[in-house]
> 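Let me give you the structure first, and then I'll get to my questions.
Since this is a predicted model, take the numbers as computed values, not measurements. Chain A is the first sequence line, chain B the second, and so forth, proteins listed ahead of strands; every chain is numbered from 1.
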Number of protein chains: 4
Amino acid sequence: MPKIVDKAAKRQEILEAAIAVFLEKGYHGAKMADIAVAASMGKGTLYEYFPTKEALPKEIFNLFFAGLDDQLAQLQQSKQGPIDIIVAGIQLSLADMDEFAAVMPLCFELLGSKALNESLGLSEYFEGWLEQLNQFFVATLVAGQENGQITLDLDAKAFARMLVSTVDGMGLHYCMFQMDAAFFQLQCQELEVMIRQRLQC
Amino acid sequence: MPKIVDKAAKRQEILEAAIAVFLEKGYHGAKMADIAVAASMGKGTLYEYFPTKEALPKEIFNLFFAGLDDQLAQLQQSKQGPIDIIVAGIQLSLADMDEFAAVMPLCFELLGSKALNESLGLSEYFEGWLEQLNQFFVATLVAGQENGQITLDLDAKAFARMLVSTVDGMGLHYCMFQMDAAFFQLQCQELEVMIRQRLQC
Amino acid sequence: MPKIVDKAAKRQEILEAAIAVFLEKGYHGAKMADIAVAASMGKGTLYEYFPTKEALPKEIFNLFFAGLDDQLAQLQQSKQGPIDIIVAGIQLSLADMDEFAAVMPLCFELLGSKALNESLGLSEYFEGWLEQLNQFFVATLVAGQENGQITLDLDAKAFARMLVSTVDGMGLHYCMFQMDAAFFQLQCQELEVMIRQRLQC
Amino acid sequence: MPKIVDKAAKRQEILEAAIAVFLEKGYHGAKMADIAVAASMGKGTLYEYFPTKEALPKEIFNLFFAGLDDQLAQLQQSKQGPIDIIVAGIQLSLADMDEFAAVMPLCFELLGSKALNESLGLSEYFEGWLEQLNQFFVATLVAGQENGQITLDLDAKAFARMLVSTVDGMGLHYCMFQMDAAFFQLQCQELEVMIRQRLQC
DNA sequence: TATGAATGAGCGTTCATTCAT
DNA sequence: AATGAATGAACGCTCATTCAT
């Protein structure tokens, strides 16, 4: 009988090694040999689990970006008022930024790399992800306006999309410029206060 | 009698060709040969003007990111109230986004590419650029608070840095996801309204 | 109590699988993994029966090219006249071409592949095989000439060798170019008629 | 101004180097690096002239197999009798066999290598080439039968196709088994005599 | 005995850079 | 000054073979 292996665990090991190497050297700077060394296995073994180098980042992103929609859906079901829900959604999006920091440069590099962006469908992938957040904001804003808890004096769609960009921009700066965590918290609070003030009737 | 050549003009031609090719194919997807073709000259000629491929993006960024500080400085001198100045600074930053769209993916790709990021000092470069905007916001906020035109109920440093991220995030989403320009304007207005409401006493 | 295994049968299975895969993909295009799948066994098992990939074709050829000498020897013993014997030898050589079609491309590929040709001694192998046919023709021709049943007006050695090339050429074209079987039969008849006419006194 | 180079000559040099290396090591055994060394140039230079390794054999075959049709066409125009024309066609086909010896193993290897055969369209290529010879034989035979110079007692199409296989088989054996040239000539003569005898009325 | 996960030498190809002209 | 032919280090990927189970 052949060696018994937990394939899923090995995939995970490889992905973790790949994350580390991509973070260390960037996608283009990372050689498959580097990843193999980092994962303590032979180059060939990588190809038993992933067909190409390109297959790695897509799976890595799935590790990080999956699950948000569930959490947002739960939030939407909650009994809180719409403003609290919005704020909670923002906090949720910004909460795990330290984890995201490990893949943010990779997102950047691949989004910017036309060929990879297209062959991986990254723009669509991230657009879809951001669209979830956008829908969450839109739905919550509209609901809030309808039951009189959020001011009617704003364009829900434009405001929501602006929030998405804002949240993303903040997370991104935090990750890419190695911002101090406490200072980042302060910024988040400022954002929250501003938003609360704007949304209330 | 040596051929008289306008070196500066030729550099410019090369940079414009490089911008176009980088936009079209990304940095890693662009070959020096592509740039030479786009610039209607021989590959060797490129190297008369730029020592390496890496030298191109840094100069390209200078074309785009220079000049903001002057404009911000002028704004700060203006007679408007601090809130209007802040808002004007934001508008200024977001105004020329269509131009920036030509280099935004390049910024992304190189920021994410560890090796290039470091060898070009890109993080520091952009941090410096964002810091200008940050200083502008901080200074204007503090001045506004000091003369009572801006609420004291905010942390100027944190709020300023949050604004920087926000503005960057919005510009970035506009460029990277090919957002409709009119819709982007709506978002900018929502942002402006929110900020004005927050800053006033 | 060790598992009882019919080693010979398993070898046979592997060889049949290998024949099918080599025919389908060629020697260089066939992976050991393909053969293992075709033989419904693990890759490792192949190596219990054959030490290397190279070992397979040699054994395959033995399956196909053994036995001709016996049949030719029987023919030579027959009471027919020499011309009939020659013609019968040709028919014999061309009779089982449909079977040979399964390995003809493999012969080609390996004969042409210098390294494999040499390490397997293929040229010598096939030369030996053709030499059997050649000897058969020479012996029969000479015998026929000696007892006056075949014209003296030919060089037995050269004629025999020419026949060998001819028969091989015809078989080869039949196999390699997927010639219509009925049309091939017509050609064989034309060959037979021509040879009979030439050999008779 | 750049180095001035006779591109066609360089292509030729590469092809000659490739022919030599393919002959020496076979197609699969030949590395591009070997060819580069044989051609006294860098590996990269090969790719300035040929896009892939696969592109080499196809061009090599064109060097050898082009031109036959012209010669056959000329023959057909000649004032000789049809039997002489047939015989001359055969001689023509077998005349330059020493040259062909340099590429015959390559033909074999690639014809047998399913993947390459298909991607290069080799079967069709050689079938086309053999079909030219076939057409030449058919046309000459039919013409000869029509004007009474060739026996009606044969099926022109089958006989012609048989001749093609025969000629190919002989050439092939000569090349692949390093047959003595003088002995080969004897065989050709035997073939010629046999054919003349068969064709005459 | 049978297996298939693991391996890594090896190869085709790319492309930034050089330099003879 | 301008060119593009030449280069070769570098890298993604393959697959015959091994060996722990």
> Among the nucleotides E/dT17, E/dG8, F/dT17, which one has an atom lying closest to any side-chain atom of B/K43?
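For the B/K43 side chain, the nearest candidate turns out to be E/dT17.
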
> Roughly how many Å is it from NZ in C/K25 to P in F/dT14, rounded to a whole number?
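Computing the C/K25:NZ to F/dT14:P distance gives 13 Å.
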
> How close or far is atom C1' of F/dA6 from atom CG of D/D6, stated in whole angstroms?
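The distance from CG of D/D6 to C1' of F/dA6 comes to 16 Å, rounded to the nearest Å.
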
> In whole Å, I'd like the distance from the CE atom of D/M32 to the C1' atom of F/dA10.
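In whole Å, F/dA10 C1' and D/M32 CE are 17 Å from each other.
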
> Under 3.5 Å, is there a donor-acceptor pair linking the side chains of D/Y125 and D/N117?
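D/N117 and D/Y125 do not have a side-chain donor-acceptor pair below 3.5 Å.
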
> Kindly confirm or rule out a cation-pi arrangement of B/K53 over B/Y27, judged by NZ or CZ under 6.0 Å from the six-membered ring centre and within 45° of its axis?
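B/K53 over B/Y27 ring: yes.
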
> Side chain of B/K53 only, heavy atoms from C-beta on: which candidate in E/dA6, E/dG12, E/dT17 is closest?
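The listed nucleotide nearest to B/K53's side chain is E/dT17.
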
> Can you tell whether the side chains of C/K7 and C/E48 come within less than 4.0 Å, N to carboxylate O?
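Salt bridge flag = no for C/E48 with C/K7.
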
> Which comes earlier along DNA chain E counting from the 5' end, the contact point of B/E54 or that of C/S40, where each point is its nearest nucleotide?
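The residue whose closest nucleotide sits nearer the 5' end is C/S40.
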
> Between D/K10 and C/P51, which is nearer to the 5' end of DNA chain F once each is assigned its nearest nucleotide?
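Closer to the 5' end of DNA chain F: D/K10.
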
> Grab the CD-P distance between B/E48 and E/dT18 for me, whole Å please.
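After rounding, the reported distance stands at 11 Å.
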
> Just to be sure I understand the rule, does D/A30 reach a base, reach only the sugar-phosphate, or reach nothing, if contact means heavy atoms closer than 4.0 Å?
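Sugar-phosphate, no base atom in range.
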
> Under 4.0 Å between a side-chain N/O of D/T45 and OP1 or OP2 of F/dA5, yes or no?
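No.
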
> Answer yes or no for B/K10 and B/Y49: cation-pi contact, defined as NZ/CZ to six-membered ring centre under 6.0 Å and angle to ring axis within 45°.
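Pair B/K10/B/Y49 does not count as cation-pi.
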
> F/dA2, OP1 or OP2 - any side-chain N/O from B/Y49 closer than 4.0 Å?
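Yes, B/Y49 has a side-chain N/O under 4.0 Å of OP1/OP2 on F/dA2.
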
> Out of F/dT3, E/dT18, F/dA5, which nucleotide sits closest to the side chain of B/Y47?
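The listed nucleotide nearest to B/Y47's side chain is E/dT18.
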
> Ignoring hydrogens and geometry, is there a side-chain-to-backbone donor-acceptor pair from D/E109 to D/H28 under 3.5 Å?
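Confirmed, D/E109 side chain pairs with D/H28 backbone.
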
> Can you check the C/I35 CD1 to E/dT3 P distance for me, whole Å?
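My rounded result for the distance is 15 Å.
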
> Whole-Å distance between F/dA2 C1' and B/F50 CZ?
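To the nearest whole Å, that distance equals 16 Å.
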
> Atom NE2 of A/H28 to atom C1' of E/dA16: distance rounded to whole Å?
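Distance, rounded to whole Å: 15 Å.
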
> What is the distance, to the nearest angstrom, from the NZ atom on D/K31 to the C1' atom on F/dG8?
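Result: 16 Å.
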
> Does C/G44 or C/A33 map to a spot on DNA chain F nearer the 5' end, using the closest nucleotide for each?
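Per heavy-atom nearest nucleotide, the more 5' residue is C/A33.
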
> Counting side-chain heavy atoms from CB outward, which of F/dC13, E/dT7, F/dA2 is closest to A/T52?
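That would be F/dC13.
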
> For E/dC19, give the paired nucleotide (Watson-Crick: N1-N3 plus N6-O4 or O6-N4; G-U: N1-O2 and O6-N3; both under 3.5 Å), or none.
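Result: F/dG4.
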
> Of the options F/dA5, E/dT3, F/dA1, whose atoms approach the side-chain atoms of B/K7 most closely?
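So the nucleotide nearest the side chain must be F/dA1.
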
